[in-house]
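Chain letters run A, B, ... following the sequence lines, proteins first, then strands; residues in each count from 1. Keep in mind the model is a prediction, meaning the values are calculated, not measured. Computed from heavy atoms alone, side chains included, the values below leave out hydrogens, waters and symmetry copies.
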Amino acid sequence: QKEVEQNSGPLSVPEGAIASLNCTYSDRGSQSFFWYRQYSGKSPELIMFIYSNGDKEDGRFTAQLNRASQYISLLIRDSKLSDSATYLCVVRDSSYKLIFGSGTRLLVRP
Amino acid sequence: GAVVSQHPSWVICKSGTSVKIECRSLDFQATTMFWYRQFPKQSLMLMATSNEGSKATYEQGVEKDKFLINHASLTLSTLTVTSAHPEDSSFYICSARDGGTEGTEAFFGQGTRLTVV
């Protein structure tokens with residue numbers, strides 16, 4: 001059974017702080033890794049994807065992948081109130097199926 | 001990014017009737033489309049994978065006779081919930097993949113909220 005594990009949260013951070021979200025996955029054959037943001041009642045919105053070991057930065061977001069540890073993280077700098085949402089860690093396996101974590105709820109407080 | 005459109009955004013139907021949901025890739029040809037279901041406070045669960053021109057592959061526990069999937073063209077897949085019951089009420093989401101472009105399966109339609117009364 002291929003699994004993607006996330007802490008359900010909620011993770012509460014003050015506005016302007018750094019939010020750190022973590023995820024582990026079980027299948028070493030996983031190809032690609034994604035972070036999605038999902039607001040209540042809406043479809044997931046792609047924030048970042050990462051294929052290679054190391055860091056990938058895009059604006060306020062940095063994704064980190066460590067294949068040896070089977071670990072992925074997402075850092076959100078300068079957190080905004082609008083960042084409050086559920087963040088889904090998603091892993092694509094070798095058959096192109098997406099395997100979803102259960103999501104971490106982030107609350108950015110004023 | 002690749003654009004995937006779903007229709008309708010929401011639908012209410014009576015128990016026992018059938019409902020069709022459309023998923024279209026607007027700016028690319030989708031060799032594969034994926035259908036997901038999301039219940040409240042849960043993550044997305046893959047229901048089935050459909051390849052253009054062939055039968056869909058269903059995940060374990062998903063009734064293929066109840067959830068009919070048709071992928072007749074490279075830009076359109078449909079999911080029909082047959083003889084819907086209140087327990088089928090859920091958020092249904094599709095994604096589409098362009099076989100020639102890395103990562104396009106990562107883009108989702110806006111979802112369809114189905115309520116069966």
Side-chain angles (χ1 to χ4, degrees), chain A residues 1-10 21 23-27 30-52 56 58-59 61 63 65 72 74 85-107, chain B residues 1-10 21 23-24 30-52 56-62 89-115:
Chain A
Q1 182 84 6
K2 298 172 183 174
E3 294 181 344
V4 177
E5 300 284 345
Q6 290 182 259
N7 188 316
S8 61
L21 305 164
C23 171
T24 58
Y25 61 97
S26 63
D27 180 16
S30 300
Q31 301 286 312
S32 315
F33 307 87
F34 306 87
W35 281 101
Y36 285 85
R37 175 171 60 195
Q38 186 176 27
Y39 295 109
S40 181
K42 301 293 185 183
S43 191
E45 169 195 5
L46 181 66
I47 299 174
M48 296 276 292
F49 61 87
I50 185 167
Y51 305 135
S52 305
K56 180 181 179 182
D58 184 1
F61 301 96
L65 170 63
I72 317 147
L74 178 70
T86 296
Y87 288 79
L88 303 173
C89 173
V90 183
V91 173
R92 194 192 80 188
D93 70 11
S94 54
S95 65
Y96 295 98
K97 286 183 180 178
L98 297 181
I99 303 166
F100 287 76
S102 56
T104 298
R105 198 156 71 97
L106 173 66
L107 296 176
Chain B
V3 180
V4 178
S5 177
Q6 257 181 268
H7 178 82
S9 298
W10 60 270
I21 302 169
C23 179
R24 293 181 186 271
T31 50
T32 308
M33 287 186 173
F34 301 87
W35 286 96
Y36 298 85
R37 180 168 53 183
Q38 186 178 32
F39 291 107
K41 299 192 185 303
Q42 296 185 23
S43 194
L44 279 73
M45 294 298 294
L46 179 66
M47 298 175 67
T49 302
S50 74
N51 293 295
E52 186 265 338
T57 302
Y58 290 80
E59 295 299 300
Q60 193 172 6
V62 178
S89 298
S90 187
F91 193 42
Y92 292 85
I93 310 172
C94 72
S95 72
R97 178 171 182 267
D98 171 0
T101 304
E102 186 68 45
T104 51
E105 70 275 14
F107 294 93
F108 289 83
Q110 68 268 44
T112 298
R113 183 158 305 282
L114 169 63
T115 302

Would you say B:Ser43's side chain and A:Gly103's backbone share a donor-acceptor pair under 3.5 angstrom? no

Return the minimal non-hydrogen interatomic distance between A:Gln38 and B:Phe91, and the atom names on each side. NE2-CE2, 4.3 Å

What's the separation between atom CD in A:Glu45 and atom CD in B:Gln110, rounded to the nearest 0.5 Å? 13.5 Å

Under 4.5 Å heavy-atom distance to chain A, tell me which part of B:Gln60 shows up: side chain, backbone, both or neither. neither

Heavy-atom side-chain contact between A:Leu98 and B:Leu44 under 4.5 Å: no

Below 4.5 Å from any heavy atom of chain B, which atoms of A:Gln31 appear? Answer side chain, backbone, both or neither. neither

Take atom CE in A:Met48; do more than 12 heavy atoms of anything else shown fall under 6.0 Å from it? yes

For a quick test of reading the model, state the closest non-hydrogen atom pair linking A:Ser43 to B:Phe108 and the distance between them. OG-CB, 3.6 Å

Side chain from CB out, backbone as N, CA, C, O: work out which of these in B:Ile93 comes under 4.5 Å of a heavy atom of chain A, or both, or neither. side chain

Residues A:Tyr36 and B:Phe107: closest non-hydrogen pair is OH-N, 4.1 Å

With a 4.5 angstrom heavy-atom cut-off, which part of B:Gln38 approaches chain A: side chain, backbone, both or neither? side chain

